[in-house]
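The next block holds one structure in the form of structure tokens; read it before the comments.
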Amino acid sequence: MPSKLFSRRSFVSTVCVGLTALALPLPALALTEARAASLVNEVVNEINRVIASGKSESAMIRDFEKLFVRYGDVPIMARYALGPDARTASPAQLRSFTQAFQGYISRKYGKRFREFIGGEVTVKTARKIKAGYEVKTSVKLQGQAPFDVTFLVSDKSGKDKFFNMFIEGVNLLLTERTEIGSMLDRRKGDLNALIRDLASAG
Amino acid sequence: MSKFSTSFVRVSLVSLIAILAACTGPAPESDGGSRVHDPYENTNRSIHNFNRGVDKALFRPAAKGYVTVVPRPMVNSFNMFAENLSLPGQAVDYLLQGKPKEMGTTLFRFVVNSTVGFAGLADPASDFEIPRADTDFGETLHVWGVAEGPYLELPLYGPSTARDAVGVVVNLFTNPVDFAPTRPINNLGLYAEVVRRLGDRGLYSDTVDSILYGSSDSYAQLRLIYLQNRRFELAGDDEDAYLGLYTDPYADPGSTAVTDPYEDPYAE
């Protein structure tokens with residue numbers, strides 16, 4: 001059955017942790033390897049705090065969305081996820097798409113927070129890459145073998161923010177780009193229809 | 001022991017055929033970690049729809065029932081049992097890949113878990129920090145330089161590639177305790193594997209559902225996720241392969257997927 005890819009290393013179950021963790025805010029320190037690594041720990045702590053709060057699911061999702069905006073470079077992620085259509089979109093369309101994307105991601109991954117309960121993230125390495133910094137971690141969820149999650153951080157937005165993550169090699173931003181592309185195709189390329197539907201999707 | 005030697009003969013014969021079969025086609029790994037080579041997309045999509053139908057009607061409900069009725073520790077035990085049965089075959093693959101150390105630890109893991117671990121139902125080997133085995137004949141072919149080949153979705157099995165599909169078939173025969181077409185009673189490994197998959201489908205139900213039923217194009221999502229994950233597994237800890245991984249979305253976020261160097265994770 002089509003579950004082969006979840007068998008050996010259950011990476012996908014972390015998708016939940018996933019984009020939620022993409023968002024971290026940072027003070028005005030120069031971005032270094034150490035700083036990038038500590039950012040990951042910060043965001044993990046923030047997420048765990050929300051989970052431990054015991055709020056309702058919808059309240060948690062609102063909190064995840066705040067974290068996503070504070071720590072993640074949402075505009076660049078939204079733009080990348082939209083792909084080539086971002087070039088032809090009007091500034092107003094891009095704004096409302098970014099807004100809708102932000103809510104969609106927060107709902108889609110925030111709903112899965114239970115899978116992250118008791119999760120532990122261990123930073124293994126941090127280093128400079130072309131686009132910013134790469135922080136490799138090992139994530140241990142309850143009852144599962146540890147798996148690799150890689151966070152990418154950049155200060156190109158003016159602040160130190162997350163802009164992508166990879167779970168066992170799966171590029172989440174690219175996965176969302178594919179998904180958004182399919183949604184757009186399904187609506188015959190109508191960006192306004194996509195924005196409308198995305199606002200309630202996830 | 002004689003079972004082992006027949007396995008080796010089988011391996012060498014079948015692998016020759018495998019290489020011939022899988023040699024054609026481009027090597028997507030060298031193009032990048034997310035390049036998709038899918039010339040049989042129409043057929044694959046039909047099979048995907050079939051698989052989704054089977055999942056929805058049979059496998060998903062069975063898996064949900066299984067993990068509801070059977071306590072989690074038992075599900076884990078059955079998974080360990082299936083994994084343990086696959087170890088001799090994996091040891092063969094490590095040998096063929098020229099990795100005697102991994103082969104040794106895999107056999108050691110098999111011995112420990114088969115004895116102290118109650119025929120593989122428990123996993124004391126992990127408590128002794130014996131590394132887990134995770135390989136297959138598809139990886140052996142990769143090590144031998146066989147190209148990945150086109151993406152394939154296999155009936156009842158799911159995402160694969162030409163190279164990995166050959167690996168799946170070969171692995172049916174290389175595992176000494178696995179597959180006996182003429183004596184179904186001996187197909188213990190195969191049955192165990194089906195049970196393991198049932199367990200995984202149940203335990204990761206939300207994740208699988210979100211891909212198969214929550215996506216606007218589940219075929220494309222599954223294909224992308226499978227290919228990236230598989231290439232990541234095969235690249236291992238190859239730092240150089242990793243370096244080319246991240247191009248810069250800040251550079252030109254509106255670029256097309258085809259020319260976007262972001263598509264090029266494990267290349268260089």
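Both backbone and side-chain heavy atoms feed into the values below; hydrogens, waters and symmetry mates do not. In the text below, chain A, chain B and the rest are named by the order of the sequence lines, each starting its count at 1.
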Any chance [atom1] of [X] has more than 12 other-residue heavy atoms, nucleotides or ligands included, within less than 6.0 Å?
X        : atom1 : value
Glu57(A) : CD    : yes
Lys56(B) : NZ    : no
Tyr40(B) : OH    : no

Check: Which pair of non-hydrogen atoms, one from Asp217(B) and one from Glu179(A), has the smallest distance, and what is that distance?
Finding: N-OE1, 4.3 Å
Next item on the list: Indicate the atoms forming the closest heavy-atom contact of Gln142(A) with Arg72(B), along with that distance.
Entry: O-NH2, 4.3 Å
Check: Do side-chain atoms of Asn229(B) reach the backbone of Glu168(A) as a donor and acceptor pair under 3.5 angstrom?
Finding: yes
Does the side chain of [X] reach to within under 4.5 Å of the side chain of [Y], using non-hydrogen atoms?
X         : Y         : value
Gln221(B) : Ser182(A) : no
Thr207(B) : Arg112(A) : yes
Asp206(B) : Arg114(A) : no
Thr178(A) : Arg223(B) : no

Next item on the list: Measure Arg60(B) against the heavy atoms of chain A and call it side chain, backbone, both or neither at under 4.5 Å.
Entry: neither
Calculate, to the nearest 0.5 Å, the distance between atoms [atom1] and [atom2] belonging to [X] and [Y] respectively.
X         : Y         : atom1 : atom2 : result
Ser216(B) : Arg187(A) : OG    : CZ    : 7.0 Å
Ile167(A) : Phe232(B) : CD1   : CZ    : 11.0 Å
Arg177(A) : Leu224(B) : CZ    : CG    : 11.0 Å

